[in-house]
Amino acid sequence: MEQQTVTLERDGHIATIKLNRPNALNAFNYETLVRLGEIIETIEQQMKEIRVVIVTAEGRAFCAGADLKERRTLNEQQVRRNVRKIRDVFSALERIPQPTIAAINGFAFGGGFELALACDFRYALQEAKMGLTEVSLGIIPGAGGTQRLSKLIGPSRAKELILTAKKICATEAFEYGILNGVAENFEQLNAKVQSMANDILANAPLAVYQAKYSIDKGTGVDLQTGLDIESKAYEVIIPTKDRVEALEAFSAKRKPIFQGE
């Protein structure tokens, strides 16, 4: 059986997307992008079963970015196709309602770093290196890096990293505000990511989805527009069974049992 370039594993309500090209440092060729896009679509269609998504990779690298060996064989039209695909796939990942957590198990450069930036949370091994290094290759970040990084840490600091093609360690990334946490080893990385996932799972999934939606759509707009977005997101939650269950559980002094309904 042919090995999948990206795999999807389930553990209860947690799904793990794992890049699986360790011999190529998990670099993105077109096949991998197509496969990743298919998995993201599957996850989005399973909102009730899958409530949190972890993104990680096999081997010693999270992702080296675009597969430059493949890029050398592509004409300009094919390069444009690949860039559109990676941008669309990462945007699809960013849009899914389920919270996403990047577990950066090794270095993450270019598209690999952009993949992590498309997630809601990021944790990394202390030894991991990361950066948007595209200008050193005569291109620019093309999968959302210029936009997501500047929105995360501000335009000046994003320019500092992107225009110098600087590679930073996990500690620096944490200080920049890129990472939510740093782990000393794989066991601690897994523990931190699982802890975050479990903290999210303890809450009503539809409420989590609408809160994420409200934050994402409200970022960058004026306050009144943001309040309108929040109001509409709240309206979605009012008729849900989980909201009623939370009230009944509070009254009975027990933990609520949320069904995602």
Side-chain angles (χ1 to χ4, degrees), residues 1-8 16-44 53-96 100 102-119 122 124 128-152 158-168 173 178:
M1 184 176 178
E2 186 178 353
Q3 179 175 292
Q4 294 283 7
T5 58
V6 188
T7 62
L8 177 63
T16 299
I17 299 173
K18 183 174 288 187
L19 303 182
N20 191 35
R21 298 186 72 213
N23 293 335
L25 301 178
N26 296 310
F28 287 115
N29 59 8
Y30 191 70
E31 176 191 352
T32 302
L33 292 172
V34 170
R35 171 67 178 160
L36 179 57
E38 292 170 346
I39 286 176
I40 291 168
E41 185 176 350
T42 296
I43 290 171
E44 187 172 18
V53 180
I54 296 169
V55 181
T56 190
E58 191 70 43
R60 64 187 181 90
F62 180 72
C63 177
D67 188 332
L68 297 184
K69 289 184 179 179
E70 180 190 62
R71 281 287 175 93
R72 290 185 64 188
T73 69
L74 304 181
N75 59 37
E76 289 186 8
Q77 183 176 354
Q78 290 170 321
V79 171
R80 291 188 178 95
R81 174 205 65 182
N82 279 31
V83 173
R84 282 195 301 270
K85 187 66 176 178
I86 193 170
R87 186 185 301 123
D88 290 347
V89 168
F90 289 3
S91 292
L93 176 65
E94 186 176 48
R95 285 194 306 267
I96 63 173
T100 52
I104 304 172
N105 57 297
F107 59 77
F109 298 127
F113 193 23
E114 289 175 299
L115 173 62
L117 290 172
C119 293
R122 287 158 293 278
K129 301 284 186 181
M130 58 202 77
L132 295 176
T133 57
E134 284 88 344
V135 296
S136 68
L137 299 170
I139 54 176
I140 70 169
T146 63
Q147 303 306 301
R148 292 190 179 98
L149 186 61
S150 60
K151 286 177 171 58
L152 185 63
K159 288 174 186 176
E160 176 187 342
L161 295 180
I162 293 171
L163 303 188
T164 62
K166 185 178 181 181
K167 298 176 181 178
I168 58 176
I178 295 169

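Only heavy atoms go into these numbers, but all of them, side chains included; no hydrogens, no water, no symmetry mates.
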field: Within 6.0 angstrom of Arg60 CZ, more than 12 heavy atoms from elsewhere
entry: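 Not more than 12 within 6.0 Å, no.
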query: What's the verdict on side chain to side chain contact (heavy atoms under 4.5 Å, CB included) for Ser91 and Arg148, showing C-alpha distance, side-chain angles and the deciding distance?
result: CA-CA 11 Å; Ser91 292; Arg148 292 190 179 98; 3.5 Å; yes
Search all heavy atoms of [X] against all heavy atoms of [Y] and return the closest pair with its distance.
X	Y	result
Glu114	Gly145	OE2-N, 2.8 Å
Leu19	Cys63	CD1-CB, 3.8 Å
Arg122	Leu117	NH1-O, 3.5 Å
Phe62	Ala102	CZ-CB, 4.5 Å
Ile17	Ile39	CG1-CG2, 3.9 Å
Gly111	Ile86	CA-CD1, 4.4 Å

Is there a donor-acceptor pair under 3.5 Å between the side chain of [X] and the backbone N or O of [Y]?
X	Y	result
Asn20	Thr7	no
Arg87	Gly144	no
Thr56	Ala103	yes
Thr146	Gly142	no
Glu70	Asp67	no
Glu44	Ile96	no
Asn26	Ala61	yes

Measure the spacing between [atom1] of [X] and [atom2] of [Y] and express it to the nearest 0.5 Å.
X	Y	atom1	atom2	value
Arg71	Asn29	CZ	CG	10.5 Å
Glu31	Thr5	CD	OG1	4.5 Å
Thr16	Leu8	OG1	CG	8.0 Å
Ile139	Glu134	CD1	CD	5.5 Å
Arg84	Arg80	CZ	CZ	8.5 Å
Cys119	Ile104	SG	CD1	8.0 Å

Quick one: are [X] and [Y] in side-chain contact, heavy atoms under 4.5 Å?
X	Y	result
Met130	Phe107	no
Ile54	Lys18	no
Thr164	Val135	no

message: Can you confirm whether the side chains of Glu58 and Asn105 place a donor and an acceptor under 3.5 Å from each other?
response: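 No, no side-chain donor-acceptor contact under 3.5 Å.
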message: So, applying side-chain contact (heavy atoms from CB on, under 4.5 Å) with Ile40, which one of Val6, Thr100, Leu93 is it?
response: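 Of Val6, Thr100, Leu93, side-chain contact (heavy atoms from CB on, under 4.5 Å) with Ile40 is met by Leu93 alone.
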message: By the definition side-chain contact (heavy atoms from CB on, under 4.5 Å), identify the one residue from Leu132, Ile168, Thr133 that meets it with Leu161.
response: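 Single side-chain contact (heavy atoms from CB on, under 4.5 Å) partner of Leu161 among Leu132, Ile168, Thr133: Ile168.
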message: Can you see whether Phe109 has Lys167 sitting over its ring - NZ or CZ less than 6.0 Å from the centre and within 45° of the normal?
response: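 Relative to the ring axis of Phe109, which defines the angle, Lys167 lies inside both limits.
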query: Are Phe90 and Phe28 near enough that their ring centres are under 6.0 Å apart?
result: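 Under 6.0 Å, so yes.
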